[in-house]
Amino acid sequence: MPFHQDLLEKRQQLLDLGVNPYPYSFAISHTLTELRDRSQELMEKEVSVAGRITALRRQGQKVFFADIEDFDNRMQVYLKQQDFSEQIWQTILLLDIGDWVGIKGPLFATKTGELTIWTKEFSLLAKSVIRVPISKEKGDKKYYQLSDSETLYRQRYLHWITDKKAREVMLVRAKILSSIRRFMEGRGFLEVTTPTLELSYGGASARPFETTVHALSQEKAYMRISPELSLKRFIVGGFPKVYTICQNFRNEGIDRSHNPEFTMMEWYEAFTDYNYQMDQFEQLVSMLAKEITGSYKVVYQDTEIDFTPPWKRMTILDAIKEIGKVDVNALSDEELKKKVHEIDPKYQIIEPFSRGHIVDFLFSNLCEEHMIQPTFILDHPLAISPLTKKKRGNPDLVERFEPFVMRMEIGNAYSELTDPVEQYERLRQQREFDADNLKKEGTVHHPVDLDFVRAIGMGMPPTGGVGLGIDRLVMLLTNQHSIRDVIAFPLLRREE
RNA sequence: GGGGGCAUAGCUCAGUGGUAGAGCAGCAGCCUUUUAAGCUGUUGGUCGAAGGUCCGAAUCCUUCUGCCCUCACCA
């Protein structure tokens with residue numbers, strides 16, 4: 001057991017005293033923030049609050065001051081021996097930092113002017129049997145703040161206990177989700193649920209997590225890598241505006257902007273194209289920035305990001321030309337190959353040669369690191385976008401955009417491909433391309449989802465579809481360095 | 001997968017070859033309005049794990065584990 005011996009003994013002493021250290025309920029009259037907000041009218045009135053002990057200041061064996069903390073505030077409480085029975089006083093003497101307590105009594109101000117509750121009735125609400133390393137504070141300075149990142153990620157509850165800012169991140173995350181839902185509902189979108197567990201996967205290029213379904217004769221199944229194909233079925237089925245906020249699972253690398261499981265929002269809106277959705281995307285995200293931080297201008301890790309619409313828009317080819325100084329259209333296949341090898345001698349050219357994949361490579365290597373301010377990168381090569389309509393006026397490109405902020409791709413959107421015959425052909429081509437590359441380590445194999453093709457075959461209206469990476473957005477709006485800081489329980493390697 | 005860094009008491013950290021330390025927390029006291037409370041005393045360690053070098057290893061070497069950074073991979 002991971003428990004601390006001295007605290008286990010205290011728990012036993014409490015039991016011996018006839019005190020239940022883990023009672024069933026406690027009625028509070030106010031939260032600590034409410035107490036502070038209404039301290040004038042509540043002065044001298046009896047209140048009832050609950051919180052976790054974060055500091056104990058004992059004056060001999062007769063008087064205590066303690067700090068308690070609830071979700072978003074702290075309060076000093078005063079405990080005096082004369083006010084309690086022997087049993088309760090013994091309980092109080094056994095208190096430790098980390099314990100939960102219920103306090104009833106009048107509000108008053110100490111002679112130093114601090115708002116305090118004079119405890120008349122005391123209840124132990126939970127005895128901790130593991131020492132909780134709560135920091136000490138003086139003003140803004142913190143002392144002995146738990147800082148081992150591994151402990152903070154593995155034991156997030158401890159992170160939340162010991163760092164108010166970590167709780168704040170979760171609060172803001174929830175506010176962002178709530179604002180998004182209000183926005184979407186205000187525009188007539190329907191929130192729908194799509195399967196997490198599927199027999200086929202699609203809508204993105206990623207290796208899936210695999211499992212088996214016992215009840216279906218050990219059928220192989222996959223965790224969703226994207227809700228895209230499910231949501232389009234809703235469009236086909238007659239729902240013109242749908243969205244979902246869900247976990248996606250991609251069995252790939254882990255770094256500060258990638259967790260194997262992450263939260264994605266996707267929406268699909270019939271009768272619109274990617275131009276319409278670009279406007280809507282920047283409206284949604286700029287609204288969130290304003291609502292969450294109070295301004296369109298957000299400071300992230302010493303950089304000011306300006307979300308004020310309209311955002312910069314540039315085609316992927318222009319970005320490569322202007323930022324990367326490579327004019328793809330002016331180069332032959334051979335010249336392109338040469339260029340790629342100048343950048344990365346180890347890059348494996350895959351056959352059949354695909355200029356589209358090279359464009360993607362060039363953008364990643366030459367441009368991505370310069371995408372600081374919100375920028376829409378648009379009109380990607382057809383070869384890397386099998387679910388997207390061709391660009392009007394240029395059949396080598398598609399109508400697609402990816403918004404970038406602080407070097408991170410925070411979304412992906414298309415004028416959705418709705419021609420079922422072309423869709424089938426494009427998925428098939430993608431699969432052939434895979435087949436040519438199966439020897440390459442880590443290659444993704446894209447199944448052709450025939451039911452999805454069948455659905456589109458029954459008629460899908462013109463549709464604009466958009467994905468938005470929630471975790472990365474939360475990172476930007478809460479100024480967190482790693483995706484692990486905004487995911488409550490990030491995946492870590494098994495502990496011992 | 002490559003490179004770099006880190007791992008010492010519950011927490012924050014010293015300790016670079018010679019008896020494992022400090023502050024806080026804990027424990028025993030003093031102190032009836034304190035607030036990083038204060039004062040006195042004191043318990044507490046498989047120095048991440050295993051192996052090696054050495055008379056002697058927290059310290060040097062090797063391997064392993066975990067975390068962080070970085071590069072690569074991730075259409």
Side-chain angles (χ1 to χ4, degrees), chain A residues 2-7 9-10 54-67 74-83 93-98 108-116 118 128-154 158 162 204-207 225 250-258 260 344 346-348 350 354-365 380-386 409 412 429-430 433-434 436-437 440-446 481-482 484 490 492-496:
Chain A
F3 307 141
H4 288 135
Q5 197 55 40
D6 52 336
L7 295 176
E9 280 162 15
K10 287 186 181 182
T54 58
L56 282 168
R57 293 180 290 279
R58 305 188 184 189
Q59 303 280 308
Q61 295 297 313
K62 304 227 163 65
V63 168
F64 273 37
F65 284 94
D67 289 341
R74 72 164 269 286
M75 179 71 59
Q76 177 168 266
V77 301
Y78 180 63
L79 302 130
K80 196 173 175 185
Q81 183 182 28
Q82 286 106 304
D83 295 325
L93 288 176
L94 289 169
L95 280 179
D96 286 278
I97 287 168
F108 77 110
T110 62
K111 70 182 184 191
T112 57
E114 175 150 0
L115 197 61
T116 303
W118 190 310
S128 55
V129 293
I130 295 174
R131 212 152 273 298
V132 184
I134 291 175
S135 66
K136 295 194 167 204
E137 292 181 30
K138 185 182 189 179
D140 288 341
K141 278 189 223 158
K142 294 209 165 201
Y143 301 84
Y144 319 115
Q145 175 73 43
L146 180 65
S147 62
D148 176 54
S149 61
E150 184 175 356
T151 307
L152 298 179
Y153 290 142
R154 285 194 195 280
L158 182 53
T162 56
S205 173
R207 274 185 287 175
I225 60 172
R250 297 185 182 173
N251 208 342
E252 300 194 354
I254 300 177
D255 60 38
R256 74 177 194 86
S257 60
H258 295 83
D344 179 3
K346 286 177 303 212
Y347 185 84
Q348 288 178 281
I350 39 192
S354 155
R355 291 176 73 92
H357 288 87
I358 298 301
V359 166
D360 192 57
F361 169 86
L362 290 173
F363 181 79
S364 307
N365 283 274
H380 297 63
L382 181 104
I384 58 172
S385 315
E409 181 190 331
N412 191 12
Q429 278 170 8
Q430 182 188 40
F433 183 85
D434 295 343
D436 288 332
N437 289 290
K440 210 175 139 191
E441 184 64 23
T443 302
V444 181
H445 187 249
H446 300 83
H481 174 254
S482 164
R484 290 181 169 182
L492 296 187
R493 212 174 284 271
R494 190 181 298 281
E495 193 178 6
E496 189 51 356

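Reckoned from all heavy atoms, side chains included, excluding hydrogens, waters and symmetry mates. So you know, we letter chains A, B, ... as the sequences are listed, proteins then strands, and number each from 1.
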Problem set entry | A:Val359 and A:His380: CA distance, side-chain angles, deciding distance, side chain to side chain contact (heavy atoms under 4.5 Å, CB included) verdict | CA-CA 8 Å; A:Val359 166; A:His380 297 63; over 6 Å; no
Exercise. Distance-only, no hydrogens or angles: does the A:Arg74 side chain make a donor-acceptor pair with backbone N or O of A:Asp67 under 3.5 Å?
Worked result: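 Pair absent, no side-chain N/O of A:Arg74 close to backbone of A:Asp67.
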[M] and [N], which share atom name [atom1], separated by this distance in whole Å:
| N | M | atom1 | result |
| --- | --- | --- | --- |
| B:G1 | B:U8 | C1' | 31 Å |
| B:U33 | B:A28 | P | 22 Å |
| B:G41 | B:C31 | C1' | 16 Å |
| B:C11 | B:G3 | C1' | 32 Å |
| B:C67 | B:G26 | P | 32 Å |
| B:C39 | B:A20 | P | 30 Å |
| B:G15 | B:C6 | P | 12 Å |
| B:G44 | B:G23 | P | 16 Å |

Nearest-Å distance for atom pair [atom1]/[atom2], residues [X] and [N]:
| X | N | atom1 | atom2 | result |
| --- | --- | --- | --- | --- |
| A:Leu7 | B:G26 | CG | P | 10 Å |
| A:Asp255 | B:G2 | CG | C1' | 15 Å |
| A:Lys141 | B:G23 | NZ | P | 20 Å |
| A:Arg494 | B:C67 | CZ | P | 12 Å |
| A:Arg250 | B:C73 | CZ | P | 18 Å |
| A:His258 | B:A72 | NE2 | P | 13 Å |
| A:Leu146 | B:C11 | CG | P | 7 Å |
| A:Leu93 | B:G29 | CG | P | 10 Å |

Exercise. Side chain of A:Arg493: nearest nucleotide among B:C11, B:G26, B:G66?
Worked result: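 Nearest nucleotide to the side chain: B:G66.
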Return the nucleotide paired to [N]: Watson-Crick means purine N1 to pyrimidine N3 with N6-O4 or O6-N4, wobble means G-U with N1-O2 and O6-N3, both under 3.5 Å.
| N | answer |
| --- | --- |
| B:U16 | none |
| B:A72 | none |
| B:A7 | B:U65 |
| B:G44 | none |
| B:U35 | none |

For this session: Keeping to residues at least two apart or across chains, list the salt bridge (Lys or Arg N to Asp or Glu O under 4.0 Å) pairs with something in residues 132-141 of chain A.
Result: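 The answer is A:Glu137-A:Lys142.
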For this session: Assign the ring pair A:Tyr78 / A:Trp118 to parallel, tilted or perpendicular, where the plane angle (0 to 90°) is split at 30° and 60°.
Result: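 A:Tyr78 and A:Trp118: perpendicular rings.
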For this session: May I ask you to evaluate whether A:His481 reaches the phosphate of B:C69, defined as a side-chain N or O under 4.0 Å from OP1 or OP2?
Result: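 For B:C69, OP1 or OP2 has a side-chain N or O of A:His481 closer than 4.0 Å.
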For this session: State whether A:Arg256 places a side-chain N or O below 4.0 Å from either non-bridging phosphate oxygen (OP1 or OP2) of B:C69.
Result: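 The answer is no; no side-chain N or O of A:Arg256 sits under 4.0 Å from OP1 or OP2.
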Distance from [X] atom [atom1] to [Y] atom [atom2], nearest 0.5 Å?
| X | Y | atom1 | atom2 | result |
| --- | --- | --- | --- | --- |
| A:Asp96 | A:His4 | CG | NE2 | 11.5 Å |
| A:Thr162 | A:Gln145 | OG1 | CD | 5.5 Å |
| A:Asn251 | A:Ile225 | CG | CD1 | 11.0 Å |

Determine the contact category for [X]: base if any of its heavy atoms lies under 4.0 Å from a base atom, sugar-phosphate if only primed atoms, P, OP1 or OP2 are that close, otherwise nothing.
| X | result |
| --- | --- |
| A:His380 | nothing |
| A:His4 | sugar-phosphate |
| A:Ser135 | nothing |

Exercise. Can you list the residues that meet the salt bridge (Lys or Arg N to Asp or Glu O under 4.0 Å) rule with A:Arg154, with sequence neighbours excluded?
Worked result: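 A:Arg154: salt bridge (Lys or Arg N to Asp or Glu O under 4.0 Å) contacts with A:Glu150.
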For this session: Taking salt bridge (Lys or Arg N to Asp or Glu O under 4.0 Å) as the test, write out the residues that go with A:Arg58, two or more places apart.
Result: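 Not a single residue meets the salt bridge (Lys or Arg N to Asp or Glu O under 4.0 Å) criterion with A:Arg58.
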Problem set entry | B/S/- contact track for nucleotides 39-49 of chain B, protein heavy atom under 4.0 Å | -----------
For this session: Treat primed atoms plus P, OP1 and OP2 as sugar-phosphate and everything else as base, then score nucleotides 31-38 of chain B 5' to 3': B for base contact with protein heavy atoms under 4.0 Å, S for sugar-phosphate contact only, - for none.
Result: BBBBBBB-
Problem set entry | Nearest-nucleotide comparison on RNA chain B, the residue closer to the 5′ end among A:Lys10 and A:Ile254 |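 Mapping each residue to its closest nucleotide by heavy atoms, the 5'-most match is A:Lys10.
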For this session: Name all residues meeting the side chain to side chain contact (heavy atoms under 4.5 Å, CB included) criterion together with A:Thr151; count only those two or more places apart in sequence or in a different chain, and write none if there are none.
Result: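 So A:Thr151 forms a side chain to side chain contact (heavy atoms under 4.5 Å, CB included) with A:Leu146, A:Asp148, A:Gln155, A:Leu158.
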Exercise. Is it the case that A:His258 and A:Asp255 place a side-chain donor and acceptor less than 3.5 Å from each other?
Worked result: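 Yes, A:Asp255 and A:His258 have a side-chain donor paired with an acceptor closer than 3.5 Å.
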For this session: Check A:Leu79 against A:Ala66 and note the closest heavy-atom contact, atom names and distance.
Result: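 Here A:Leu79 and A:Ala66 meet closest at CD1-CB, 4.4 Å.
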